[in-house]
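Report on the following structure.
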Amino acid sequence: MKAKQLFYTLALGVFLFSACNPASDKKVNEWAIALHGGAGAMSPENYTPEQIQQYEAELTAAIELGAEILKQGGTSLDAVEQVVRYLEDCPLFNAGRGAVFTNDGKNELDAAIMNGADLQAGAVAGVGDIKNPITAARMVMEKSEHVLMVGKGASLFASQNGAEVIDSSYFYTERSYRALQRALERDKKMGTVGCVALDKHGNLAAATSTGGMTNKRYGRVGDVPIIGAGTYANNNTCAVSATGHGEYFIRYTVAHDISALMEYKGLSLAKAADEVIHKKLEEVDGRGGIISVDKWGNVHLSFNTSGMFRAFATSGGDRGVNIFN
Ligand code: ASP
């Protein structure tokens with residue numbers, strides 16, 4: 001009899017514990033990370049096999065860099081910053097070194113980072129002489145009382161805090177220059193980099209960095225540095241980094257909308273993201289995509305273009321590197 005009573009007491013204890021801690025039994029990965037290198041109308045015919053290999057190699061190196069940080073118990077904030085720095089230094093992507101040109105042949109870069117643990121965020125917009133805008137964004141978050149700084153003020157603040165300043169000729173790549181020439185003839189090109197991560201401590205973070213849209217008017221700011229539009233992280237829900245036609249992502253507050261659908265409607269990450277990317281945005285022809293990780297370590301990548309440079313890795317051993325749909 002006593003053994004039976006003990007059994008029932010234990011069973012009730014287990015039931016009450018899991019009922020009170022619904023998050024604990026939904027956890028699918030101790031850590032998880034995803035990145036993107038821009039979305040757009042891309043098809044395999046437009047790339048040589050060597051180019052595809054090159055992109056895949058860079059995406060793989062970047063995701064492995066972030067995965068290693070998380071595996072070692074590092075923070076999601078460090079992981080997303082380091083991954084985005086890596087992609088900013090790679091001329092293949094439209095961020096940092098490979099940033100596209102404005103209509104008047106200059107480079108104006110935007111970046112943002114957000115910490116899901118305390119909703120702290122930092123962003124810079126329209127900077128033209130900072131080598132790694134994502135690090136400048138983190139400085140705004142950690143070393144100022146502000147969230148968003150622009151232009152010369154942002155550059156001065158970042159350089160005073162030790163960010164590497166470069167001559168704007170650093171951003172000149174043949175590829176971006178040709179993209180501007182094509183865009184001037186009406187073939188708009190998109191591309192951006194971003195990373196989201198959940199660390200072993202249960203914290204989410206998101207980071208995004210871009211040169212913006214080729215041929216944009218000078219002074220134009222896109223969705224990337226707008227918290228809730230192109231970048232968002234909240235430990236209660238998910239971390240999101242977006243890429244695509246920024247004006248739509250601002251108007252539809254895409255990243256926050258996904259989080260809000262999870263928080264207020266109880267949708268899963270996949271349902272929430274697909275609702276926004278495939279229903280809300282597609283209806284108005286807003287093109288682009290997002291990468292996301294939720295607080296349980298689920299990864300979801302969603303885009304309504306024909307391609308998105310992307311990669312992910314989880315503690316469970318899942319890995320993926322893809323370009324086309
Ligand atoms: N979303 C970026 C912007 O509008 C561009 C991109 O992701 O391709 O500035």
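With rounding to the nearest 0.5 Å, the separation of OG in Ser259 from CG in Asn234 is 5.0 Å. For the atom pair OH (Tyr232) and NE2 (His256), the distance works out to 4.0 Å, reported to the nearest 0.5 Å. Atoms CG and CE, from Asp294 and Met262 in turn, are 4.5 Å apart once rounded to the nearest 0.5 Å. Atom OG of residue Ser159 and atom CE of residue Met139 lie 9.0 Å apart, to the nearest 0.5 angstrom. Separation of atoms CZ (Phe312) and CG (Leu301) is listed at 6.5 Å; rounding is to 0.5 Å. Atoms CD1 and CD1, from Ile63 and Ile33 in turn, are 5.0 Å apart once rounded to the nearest 0.5 Å.
A 6.0 Å sphere centred on NZ of Lys200 holds more than 12 heavy atoms belonging to other residues, nucleotides or ligands. Heavy atoms from other residues, nucleotides or ligands lying under 6.0 Å from OH of Tyr218 number 12 at most. At most 12 heavy atoms of other shown residues, nucleotides or ligands fall within 6.0 angstrom of atom CZ in Arg217.
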Test Glu142 against Leu77 for side chain to side chain contact (heavy atoms under 4.5 Å, CB included), laying out the working first.
-> CA-CA 12 Å; Glu142 291 177 345; Leu77 214 48; 4.0 Å; yes

Should Val124 and Ile130 be marked as a side chain to side chain contact (heavy atoms under 4.5 Å, CB included) after you check the CA-CA gap, both sets of side-chain angles, and the distance that decides it?
-> CA-CA 10 Å; Val124 293; Ile130 298 294; over 6 Å; no

Starting from the C-alpha separation in whole Å, work towards a yes-or-no answer on side chain to side chain contact (heavy atoms under 4.5 Å, CB included) for Val221 and Asp110.
-> CA-CA 7 Å; Val221 175; Asp110 303 337; 4.0 Å; yes

May I have the step-by-step check of side chain to side chain contact (heavy atoms under 4.5 Å, CB included) for Ile290 and Phe303, ending in yes or no?
-> CA-CA 6 Å; Ile290 58 97; Phe303 53 101; over 6 Å; no

Salt bridge (charged side-chain N to carboxylate O under 4.0 Å, His left out) assessment of Glu64 paired with Arg319 = CA-CA 10 Å; Glu64 288 307 329; Arg319 289 280 190 284; 3.1 Å; yes

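Closest approach of Ala229 to Ala242, counting heavy atoms only: O-CB, 4.3 Å. Taking all atoms of both residues into account, the shortest heavy-atom contact from Ala32 to Leu70 is O-CD1, 3.8 Å. The shortest non-hydrogen separation linking Val127 to Gly151 is CG1-O, 3.8 Å. The two residues Tyr86 and Ala62 come nearest to each other via the heavy atoms CD2-CB, 3.8 Å. Of all heavy-atom pairs spanning Cys238 and Ile258, the tightest one is SG-CG2, 4.3 Å. Across every non-hydrogen atom of Gly66 and Ala79, the tightest pair is O-CB, 4.1 Å.
Gln72 and Glu68 form a side-chain donor-acceptor contact under 3.5 Å, judged by distance and modelled atom types alone. With hydrogens and angles left out, the side-chain atoms of Thr192 and His36 include no donor and acceptor closer than 3.5 Å. At a cut-off of 3.5 Å, with distance as the only test, a side-chain donor of Asp89 or Asn132 sits close to an acceptor on the other residue. Using a 3.5 Å distance cut-off with no hydrogens or angles, the side chains of Ser43 and Ser306 do not pair a donor with an acceptor.
Because its NZ or CZ atom is not both nearer than 6.0 Å to the ring centre of Trp296 and within 45° of the ring axis, Lys27 does not count as a cation-pi partner of that residue. For the pair Arg97 and Tyr170, the distance from NZ or CZ to the six-membered ring centre is under 6.0 Å and the angle to the ring normal is within 45 degrees.
When ring centroids are compared, Tyr55 and Phe93 come within the 6.0 Å threshold.
Not one N or O on the side chain of Thr253 forms a donor-acceptor pair closer than 3.5 Å with the backbone of Asp257. A distance-only check finds a donor-acceptor pair linking the side chain of Asn29 to the backbone of Gly316 [under 3.5 Å]. Side-chain N or O atoms of Asp274 include none that pairs as donor or acceptor with a backbone N or O of Ser302 at under 3.5 Å. No donor-acceptor distance shorter than 3.5 angstrom exists from the side chain of Arg85 to the backbone of Val83, with no hydrogens or angles considered. Using a distance-only test at 3.5 Å, with no hydrogens or angles considered, a donor-acceptor pair links the side chain of Asn235 to the main chain of Leu204. Not one N or O on the side chain of Thr208 forms a donor-acceptor pair closer than 3.5 Å with the backbone of Val224. Judged by distance alone, the side chain of Asp199 and the main-chain N or O of Thr75 form no donor-acceptor pair under 3.5 Å. A side-chain donor-acceptor contact under 3.5 Å links Asn304 to the backbone of Gly288. Although no hydrogens or angles enter the test, the distance criterion places a donor-acceptor pair under 3.5 Å between the side chain of Ser176 and the main chain of Gly98. In this structure, the side chain of Asp129 does not engage the main chain of Ser155 through any donor-acceptor pair within 3.5 Å.
Under the 4.5 Å side-chain criterion, counting only non-hydrogen atoms from C-beta, Ile52 is in contact with Ile323. Between Val165 and Lys131, the closest side-chain pair of non-hydrogen atoms is not below 4.5 Å. Side-chain atoms of Leu261 and Val276, non-hydrogen and from C-beta on, do get closer than 4.5 Å to each other. Two residues are said to be in side-chain contact when any heavy atoms from C-beta on lie closer than 4.5 Å; Leu92 and Gln51 fail this criterion. In this structure, the side chains of Lys295 and Lys26 stay at 4.5 Å or more apart for every pair of heavy atoms. Residues Phe157 and His146 have side chains not in contact (no heavy-atom distance under 4.5 Å, counting atoms from C-beta outward). Between Pro91 and Arg175, the closest side-chain pair of non-hydrogen atoms is not below 4.5 Å. You'll find the side chain of Leu59 reaches within 4.5 Å of the side chain of Leu35, heavy atoms only.
The aromatic rings of Tyr248 and Tyr252 lie parallel to each other, with less than 30° between the two planes, well short of the 60° mark.
If you chain together hydrophobic residues whose side chains sit under 4.5 Å apart, Val84 and Ile291 never meet in one group. One hydrophobic cluster, built from ILVMFWY side chains closer than 4.5 Å, holds both Leu267 and Val254. Tyr47 and Met308 end up in different hydrophobic clusters when Ile, Leu, Val, Met, Phe, Trp and Tyr side chains are linked at under 4.5 Å. Following chains of ILVMFWY side-chain contacts shorter than 4.5 Å, one cannot reach Met114 starting from Val80, and the two form parts of different hydrophobic clusters. In the hydrophobic clustering of this structure, Ile226 does not group with Phe249; members are Ile, Leu, Val, Met, Phe, Trp, Tyr whose side-chain heavy atoms approach within less than 4.5 Å, directly or through other members.
The residues Lys265 and Glu275 are annotated as not salt-bridged, no charged nitrogen and carboxylate oxygen being separated by less than 4.0 angstrom. Salt-bridge annotation for Asp78 and Arg138: present, with a side-chain N of the basic residue lying under 4.0 Å from a carboxylate O of the acidic one. A salt bridge links Arg220 to Glu247: one of the charged nitrogens lies within less than 4.0 Å of a carboxylate oxygen.
Only one option out of Thr214, Thr243, Val193, Thr210 pairs with Asn94 in a side chain to side chain contact (heavy atoms under 4.5 Å, CB included); it is Thr210. Under the side-chain hydrogen bond (donor to acceptor under 3.5 Å, both in side chains) test applied with Thr135, the options Gln82, Glu164, Glu81, Glu88 reduce to a single match, Glu81.
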